[in-house]
Each structure stands twice: as structure tokens, then as C-alpha cells.
Novice: 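Below are the C-alpha cells for one structure; questions will follow.
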Protein chains: 2
Amino acid sequence: MASEVTENLATMSLERFGTIPTTFASIPHGAEIKSMSEIDPVADIGKRVTLRARLHNVRGTAKNAFLVLRERHMAIQAVFFVGENVTKEMVKFAANITKESIVDVGGELVSSTVKSELISFKTCELRADMIWIVSAAGERLPFQIDDAARAEEASAPEETPLPRVNLDTRLNNRCVDLRTPANQAIFRMQAGILEIAREFMQRHRFQELHTPKLISAASEGGANVFKVSYFKSDAFLAQSPQFYKQMAICADFERVYEVGPVFRAENSFTHRHMTEFTGLDLEMTFKTDYHEVVDMLAAMLNFLFEQLPIRFAKEMEVIRAQYPSSEFTFLEKPLVLNYRDGVAMLREAGVEMEDYEDLSTEKERRLGQLVKEKYGTDFYILDKYPLSVRPFYTMPAQEEGYSNSYDVFMRGEEIMSGAQRIHDVTMLEERARHHGVDMKTVEGYIDAFRHGVPPHAGGGIGLERVLMLFMDLKNIRKTSMFPRDPNRITP
Amino acid sequence: MASEVTENLATMSLERFGTIPTTFASIPHGAEIKSMSEIDPVADIGKRVTLRARLHNVRGTAKNAFLVLRERHMAIQAVFFVGENVTKEMVKFAANITKESIVDVGGELVSSTVKSELISFKTCELRADMIWIVSAAGERLPFQIDDAARAEEASAPEETPLPRVNLDTRLNNRCVDLRTPANQAIFRMQAGILEIAREFMQRHRFQELHTPKLISAASEGGANVFKVSYFKSDAFLAQSPQFYKQMAICADFERVYEVGPVFRAENSFTHRHMTEFTGLDLEMTFKTDYHEVVDMLAAMLNFLFEQLPIRFAKEMEVIRAQYPSSEFTFLEKPLVLNYRDGVAMLREAGVEMEDYEDLSTEKERRLGQLVKEKYGTDFYILDKYPLSVRPFYTMPAQEEGYSNSYDVFMRGEEIMSGAQRIHDVTMLEERARHHGVDMKTVEGYIDAFRHGVPPHAGGGIGLERVLMLFMDLKNIRKTSMFPRDPNRITP
């Protein structure tokens, strides 16, 4: 009680508006700062609160000012009316604060009917009598948050289209762009995907690793690898942690995973390629058949697809309000389709292709449609790829010409590639030679197989692709906080 | 029951030893393979089991063979006696398998008193009658696992020293070296540190991020930065995710963390420097004082130090058996020591230094000893460093000449550096100019501060250092799976 009185007295005796010094040596208003998430719109009516928030919008006259205060996905109205504790100067001060500034606003929470769609608190507002600038935004915003947050279908065809912000402008000003409700939700979900996946992996005794991104030799022939000046010599950036995951298997870690950056020096500008992305890579030993691993990967993805709508219902709603999409469908028992059967389905649908031909992006998409029609799932695994289209370390299948390898698809696009790996050093050397691999570049890798290796398989998932396809966002740059492509390495 | 009979029949009718084909098209013995962790040394006596394990050791005569089978930190004895189901050929075959090969061994679990220290099952052994090679190790191991696993103090001074393996040889053959019990335990703990830290961060609403490692400009003057060929231009490897974490704060994410590789092109060969390490970086907004952040970081580390011995008691015992160390001490309420007071303690102890002088490694260590003596803690935070020894973006303190920045120490060595950051664009530009920073290189960073930024602070922890110092392992290369220094980028 004593402290409450002291605090109120302190507040009263201080100035009621101004700018807080940058060093935060002292905070002139001295009030306890709350988050909007702590406000109870019923129980807190009549109470005094101070919020720290962004000034989303403001309009004012000489006698009053109406502010929209925003905190992440929440917004509340604050109103200043000239009166006992509110001077004309304060109203003018409030009305002139630049949008996106961060402010501390104090006042009494009162009942009110607020109609704006923007505002999440619709039954109350802040009758404000104090406002301090914590951090002033500059005069010129690169774009309006409202324009960047507008739904893709928001204007009716006959209307003049409402302003929107194109992707490049967004990415050039990402710190402002990321403030929209959809972007806040996208990156909460992106973190959530890993939270869910980790829960699964922990339960199944996968151990987290961190393997080097600086490597001595460009694997797989050196195409698409970034070169780094390394003291007096050169190094390369890892295109995948695969070799290192496998070395961990050689070292008896049994089940391992890594989450980390993956670098690809591909000069491509598609909707789904980046030069740096976040990989979730797994590797595990199996006892008798690599399908033990395929089943584990499938179970992990099913767990993810099942949990996301449970844990992130609100976020999915917010994202869909801006980017409409259909529900992602999957089967209780995931579909594992034989490559040979996939080719047959394509041929039946009139697509021409050879037995051992790799799937083009277009064919992948077509097969995705066919699978969706036939099996009713947006998620499936294509198993037993032709041996000739896979890397040298892939284990050949019993059936001549095929391999124990698989790709995983969501809405007809690949999100993961994997395989049983050759664990026998003689076979590995033979296959490397067969593929014309420069043996010097894979020496360290092959050496790891000389001292006994359990049979194992694994794969790597591109995390940005998973979210892009789950929410059907059409462009991978939307699910990467600071995307990288051949033309973009900034901000 | 039916299946058990069938399985036994199947086993009987098949050959009892040989090599399983690499492709695993079929497994000749057809038995269900168990893990040693599934064996109950009392209840399973008299039962038939088949294990997949490494052949740790073998000795044999014409009539019998004694095998030590190893699975991670566990080991069991398997014995072959020529008799009804065991031919002389089988014994010979078993006795000739190379060490570290992976084998499937089947037989009956029988009571037995096993005296070897190596073996974890001391009251039973496997009376074996079946052995199949899954993966044969080559004839020549780079070193014996027993030598690599030997305790640092294992030979008495008067004895001929027992063989040991030096660190370089270990690292050159890391896939074999990592099989020792201590290394298995070290990397289980390394994963455990993140598991515990993530639990804390999730509870405190920190959101996980992934920010780019390829950046357009070498920050902080370009020293110690790796250069990358990026298509027709150059890029650099991020020395820290700090700028990007801060941009996430500018974008309203409030509390963020990232776990990822950090690159430092430092040409140093100390026991605690690597050119690539795993950083755990945190950043958060605060309401009135940056000590809200300091307290959060301290609470996270205290939670870690408290949980590690609870969750990893077995691993700590195994590590200490090879690398003896004292218990790590910490206080319930972590010590936050003022830099000025730290300097006073050093001077009292006879160390000469100026007020605004930075701490050398040697002085840090000395101060760590003094703190340990006075406060009884191996963990403390040194707060309010001189402004002149910190980077340009550090918030100056109220007291002239000092800053709102801090380092965190374990056993007298730094594991984390952090600060309140300048959130005001004008002050930031001014400080950058004062430090002679090339404004072009920090343009993207500074631009992020033009549109309103909440006050915030954070820091970055080197994960390998945390474990090295917690277990007093003396060399950071022991806590990195595949360490990198100027001379080592392989394997």
C-alpha cells in the first residue's frame, strides 16, 4: 500500500509529457510499465495503467488526440482530452509524435466501444494523461505498416486497388516489415516448428550436434560451393552437415540431428531457392532395414503437421488473414510411394518419361497433384530413386538401377532429400570412383569408414520450405527473416 | 509364443557365423537385435539375446574365445566354447575379427562374475553361439580405445607410464577418438547444456531465430573477418549474430535467441580460441534498467549450473574418471561485481593497473582467484566496463568513462560478453564516428534504428567454453566435436 501511494505521489509530482533521456539514467514518469497482454479488459476497468508501445496511428485536434498503440499483434486506443491533467500542450505534443515511435502512455482504463478492425481491445480504451517518448521514429517511414499488412484480396475488383508493398521493398526495410501481424506470426511459427521437432527428437533419443561449416574440401565435385579465404589458404562453406553427421554415426552417437545454416552457391532466383537456409539434418542407425529411418522421419513430420494447428491456431489465422491458403492435408499413416509407381502415375496422366529419369520440378508438382487426387494428402514420401540420379554415397537397392533413397514432398514440392548411406569402405570407394569424384576431396570422409560403421540413413529438411509450403506462402523469402539470394546479402 | 518358436527355429536352421552382405538385402541370422541398455542382468538370465555392438577386445585359443562387446558407455563379455552349437571354425572366426568391427552376437545370458573394470555387466555374460560381422574394421587402428580412454593420472610415478594419445592424434582420427566413454559423455553434456538453456528460454518467452551468416560488410573495421567469394562480388562471415538479433528487437520480437556458428579469423592458438564455435546469443528489451537483462542472463546460467549435475551425474562421473576436476561452485544469488571494485581487488592484491585499462587474460584469471577466495564462487559477472574498451554500439553509463556493459566469467575465464546497446540513432552515429568506424560498413545496421527502437541489452555465450570450464577440461578442442583453428580445418 505504502509503495502504491508513494508511486502515485511520485507520478503526480512529475512532469506529464516529454522525452525520456536515451541513457535511461532515470525514467521521469516513474510508473510501472505493463504489457498489453497483462490487461484484463473487464477486471482492469477503472485502474491506472502505463503501457509501452508503438504509436501505430494518431489523429488530433487542438482539444483531443486519438492514438492507436500497438504491441506486437495487439492494439489499444488511447485518448487525450484537454482537462484537469491534460494540457493543450500535452495534446499537441501527443498529436505530433511520429508514427512507429515507442512511447510510454499512462492513464485510466475506461469502458468504451471501439469499432476499428485494427484494434484488438474493443470494449475499453485508455483515458490518457501522460505520454513520454522512449524512442522517436524518423519522419519518413519506408511504407505504412497498414499497407504492408493488407490482405492479398482486400480490394474488390471494381475498386481502386488499395496500396500494397512489394516484396523487394519489404526486404530492403525488413525491420519495419517484420512488425506486421502476419510476419510476427510467421516467425513465431518458424520457431514453433523447431520446438515441436525438438520435442519429437528428444523423445526418440536424438542427440543435437554442431558440426563445422568451414570445411577443407569442396565435396561432390565443388559445384555450388562458396570459397572462403582461410589464412594463407582456402576453405569452403559446408553445403550440408551430412558428412559430419555420418562421422558422428561412425563415432557411435547412434541418432543425431543438427539445426544450422546450409550454404548453396547456386545462381538461381526461383521462389524456393536461397543461398543460405536453415537445415534440420538427421541421421540414425537402423537394425535391419532403412525403412526404420523413413518411418521415423515420417512420424516426425506427421507429429509436426498435427501439432502446428493445435499450438499455433491464432498465428495461422493471422497469417491466412493476409495470405489465404487451404488447409494442409496429411494421412494418419504417411504415404510412402515407390518411385517406379510414381513414374507409372505420371505416365497414366500422359506425362512422358524414362524409367531412370530424375523428376523435374514440373513433374514433381504434377505428381503432387496426382497423389493429392488419389490419396488425399499434401505430404508423401517418394522412395527408391534411380541410382544414377543420386550422389555416390547412396546405397544401391537390391533391384538393379534403383537406390535406397527418398525425397519428401509437401504440396508437390521437395522439402527433404535422404538416403541409406553406404557404410562399407570398399563399396564407397568404388562408387566414388564410378562417379568420377576426385578422391582427394573425399579422403577425410572415406577414412571415417575404415574402422567399423553401423548401417545408417538420414536426410536434411529445409526449414523455410516447410513453413512456406504448410501455409502456402508461395515465396521462401517470406519465411526467412533476412533472406539471401545471389542478388541479396543485405540487410 | 508362436513367433518365439519360429524365430528360434529360423535361427537354428541358418548358418551361425559369417559376414552380413553390405546392402543388408537380408540378414542371415534373422534374430531380433537388442541394445545392451535393454538387458536386465537379473531377469534376463537364461534368455536368448542377440546384440549389435563393437568388438572392443578379443582373445582366444583353439577351443574358446573371450570377447568384450561395447555399445557406447556399456560393455559386456561374450564367450564362445567349442561344443554342441559352436564349432572350432566359429571360434577361430570370432577370434580373428578385427577390433572395433561391428558384430551381431547371439547366445544365452548366463550368470558369471566378471572382474574387468572395462566391463559394465559384472554379474552376467553372453554364452555365445552365433556371430556375424556387420561392418569390419580395418587391421590398423590409429590408436587403441583403451589408451585414448585412460585416466590422466592412471600410472603411479614409479611405474613406466602407460600409453596415452595426444590431442592432435585424437583430432586427426576423431571418429575413433569420439568413441571413448569420456567423449561420449562430453557430447551428451554439450547437447544437454542447450536442452537446459532452451527450457529456460522457452519459459521466459524468448523466441528462437536464425539470422544470416553471409553478410555484406565486415563489421567493426573488418579485422578478424573471413572473406567469401560471393558470385561476382565478396561477402563476409558473421562474427556474431548481434546486429541481426538487434534488428529483430527493432522489429518488435522483444526477446530473441539464436544458436549457431560464429566465425573469427583470429590467428591464435590458445587453449580457448577457435576460428569457428557455437554461439548462444540472446537479446531482450527491458523496461527501466539493463540489469533486468543481466539478471535474466545470470538466472539462466544459475539454472544451467544447478541442472547439469542433476541430469548428467553419470556423465560427469565418467568425464572425471578420465579428467579429474573440482566441483564448479556458484551462488544462489549470482555475484554482479562492479568493474571499479574488481580493479580495487586486483590493486589490493598487488596488481598494477589503470582505472580505464582493459583486463588482460592474466588479470582476468587473477581476479577470478580473488573472487573465489572472497565470495566462494566460480561464476560471477563483471559489470560497468570502461567505455573506451568496448565497441561503439555500447551504451555509455551515467558515470563518465564507464559503460553499461558486462562480461561473464567461469573459473576466471570469460564465457560471455554483453551490453546495453545504444538504441538512439543519433547517439549511435556519433559513437560510430568517434570510433572511426567506416560508416558505409554499418549503414544497414544504423538504418534499422531510424524507425523507433525499444531499449535493449543482450550478450553472446561461447558454448564450448561453458562446458570446458564447467568440467575444467583445459582445452576447448575437447568440447568441440570437430574443432577449427588456423591450422586445422579437417576432418
Side-chain angles (χ1 to χ4, degrees), chain A residues 22-25 27 33 54 72 100-102 135 137-138 141 175-176 178-179 188 191 194 207-216 226-231 235 244 247 250-252 260-261 267 276 278 287-288 398 423-424 427 444 448 450-455 481-482 484 486 489-491, chain B residues 22-25 27 33 54 72 100-102 135 137-138 141 175-176 178-179 188 191 194 207-216 226-231 235 244 247 250-252 260-261 267 276 278 287-288 398 423-424 427 444 448 450-455 481-482 484 486 489-491:
Chain A
T22 305
T23 56
F24 262 56
I27 300 209
I33 296 155
R54 284 201 188 270
R72 307 197 74 172
E100 294 299 299
S101 293
I102 293 178
S135 170
L141 283 173
C175 291
V176 177
L178 287 170
R179 296 176 192 169
R188 263 203 299 278
L194 267 181
Q207 185 175 320
E208 187 169 5
L209 298 184
H210 292 95
T211 67
K213 304 308 153 206
L214 288 167
I215 57 173
S216 61
F226 288 114
K227 195 160 95 175
V228 182
S229 304
Y230 197 81
F231 302 98
Y244 287 93
M247 290 195 223
C250 296
D252 290 347
N267 201 2
E276 178 179 350
T278 307
K287 296 296 183 207
T288 59
Q398 270 182 271
H423 62 280
D424 179 82
M427 188 192 258
R450 297 194 191 283
H451 313 295
V453 181
M481 201 168 259
F482 299 99
R484 293 295 183 249
I489 39 171
T490 176
Chain B
T22 304
T23 57
F24 262 56
I27 302 210
I33 296 155
R54 285 202 188 269
R72 307 196 74 173
E100 294 298 302
S101 293
I102 292 178
S135 170
L141 281 174
C175 291
V176 177
L178 288 171
R179 295 175 193 169
R188 262 203 300 278
L194 267 181
Q207 185 174 320
E208 187 169 5
L209 298 184
H210 293 94
T211 68
K213 304 307 154 206
L214 289 168
I215 57 174
S216 60
F226 288 115
K227 194 160 95 173
V228 183
S229 305
Y230 197 80
F231 302 98
Y244 286 94
M247 290 196 223
C250 296
D252 291 346
N267 201 2
E276 179 179 350
T278 307
K287 297 294 183 208
T288 58
Q398 271 183 271
H423 62 279
D424 178 83
M427 187 192 261
R450 297 195 191 281
H451 313 294
V453 181
M481 201 168 257
F482 299 99
R484 294 293 182 252
I489 39 171
T490 174

Novice: Rounded to the nearest 0.5 Å, what separation is found between the OG1 atom of Thr288(A) and the CD1 atom of Ile33(B)?
Specialist: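 Reported value, rounded in 0.5 Å steps: 6.5 Å.
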Novice: Determine the minimum heavy-atom distance between Ser135(A) and Val453(B), stating which atoms define it.
Specialist: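 Between these two residues, the closest heavy atoms are OG-N, 2.8 Å.
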Novice: Heavy-atom distances under 4.5 Å only: say whether Thr23(B) touches chain A with side chain, backbone, both or neither.
Specialist: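 For Thr23(B), the contact with chain A is made by backbone and side chain together.
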Novice: Which region of Val176(B), side chain (C-beta onward) or backbone (N, CA, C, O), has a non-hydrogen atom less than 4.5 Å from a non-hydrogen atom of chain A, or is it both or neither?
Specialist: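 Only the side chain of Val176(B) comes within 4.5 Å of chain A.
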Novice: Which heavy atom of Glu208(A) sits nearest to which heavy atom of Ala191(B), and what is that distance?
Specialist: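 Nearest heavy atoms, Glu208(A) then Ala191(B): O-CB, 3.6 Å.
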Novice: Which one of Ala235(B), Gly444(B), Pro261(B) has the most heavy-atom pairs closer than 4.5 Å to chain A?
Specialist: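 Looking at each option in turn, the highest pair count goes to Pro261(B).
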Novice: Using every non-hydrogen atom in the two residues, find where Ala137(B) and His451(A) come nearest and quote the distance to one decimal.
Specialist: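 Nearest heavy atoms, Ala137(B) then His451(A): CB-C, 3.6 Å.
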Novice: Heavy-atom pairs under 4.5 Å with chain A are the metric here; pick the option from Arg450(B), His210(B), Glu100(B), Arg188(B) that has the most.
Specialist: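 Heavy-atom pair counts peak at His210(B).
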Novice: Relative to chain B, which segment of Leu214(A) carries a heavy atom at a distance below 4.5 Å: side chain, backbone, both, or neither?
Specialist: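 Both backbone and side chain.
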Novice: Hey, what do you get for CG (Leu209(B)) to CE (Met481(A)), rounding to the nearest 0.5 Å?
Specialist: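 Those atoms lie 4.5 Å apart.
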Novice: With a 4.5 angstrom heavy-atom cut-off, which part of Met427(A) approaches chain B: side chain, backbone, both or neither?
Specialist: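 Answer is side chain: those atoms of Met427(A) sit under 4.5 Å from chain B.
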Novice: Find the distance between NZ (Lys227(A)) and NZ (Lys227(B)) and round it off to the nearest 0.5 Å.
Specialist: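 Reported value, rounded in 0.5 Å steps: 11.5 Å.
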Novice: I'd like to verify something: which residue of Ala448(B), Gly260(B), Ser229(B), Ser101(B) has the highest number of heavy-atom pairs under 4.5 Å with chain A?
Specialist: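 The answer is Ser229(B).
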Novice: Of all heavy-atom pairs between Arg179(A) and Gly452(B), which one has the smallest distance, and what is that distance?
Specialist: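 Closest heavy-atom pair between Arg179(A) and Gly452(B): NH2-O, 3.3 Å.
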Novice: Any chance you could lay out the side-chain contact (heavy atoms from CB on, under 4.5 Å) test for Glu276(A) and Lys213(B), step after step, and finish with the verdict?
Specialist: CA-CA 8 Å; Glu276(A) 178 179 350; Lys213(B) 304 307 154 206; 3.5 Å; yes
Novice: Can you tell me how far CZ of Arg484(B) sits from OH of Tyr230(A), rounded to the nearest 0.5 angstrom?
Specialist: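 Reported value, rounded in 0.5 Å steps: 7.0 Å.
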Novice: Looking at Gly138(B), Cys250(B), Pro212(B), which one has more heavy-atom pairs under 4.5 Å with chain A than the rest?
Specialist: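 Option with the top pair count is Pro212(B).
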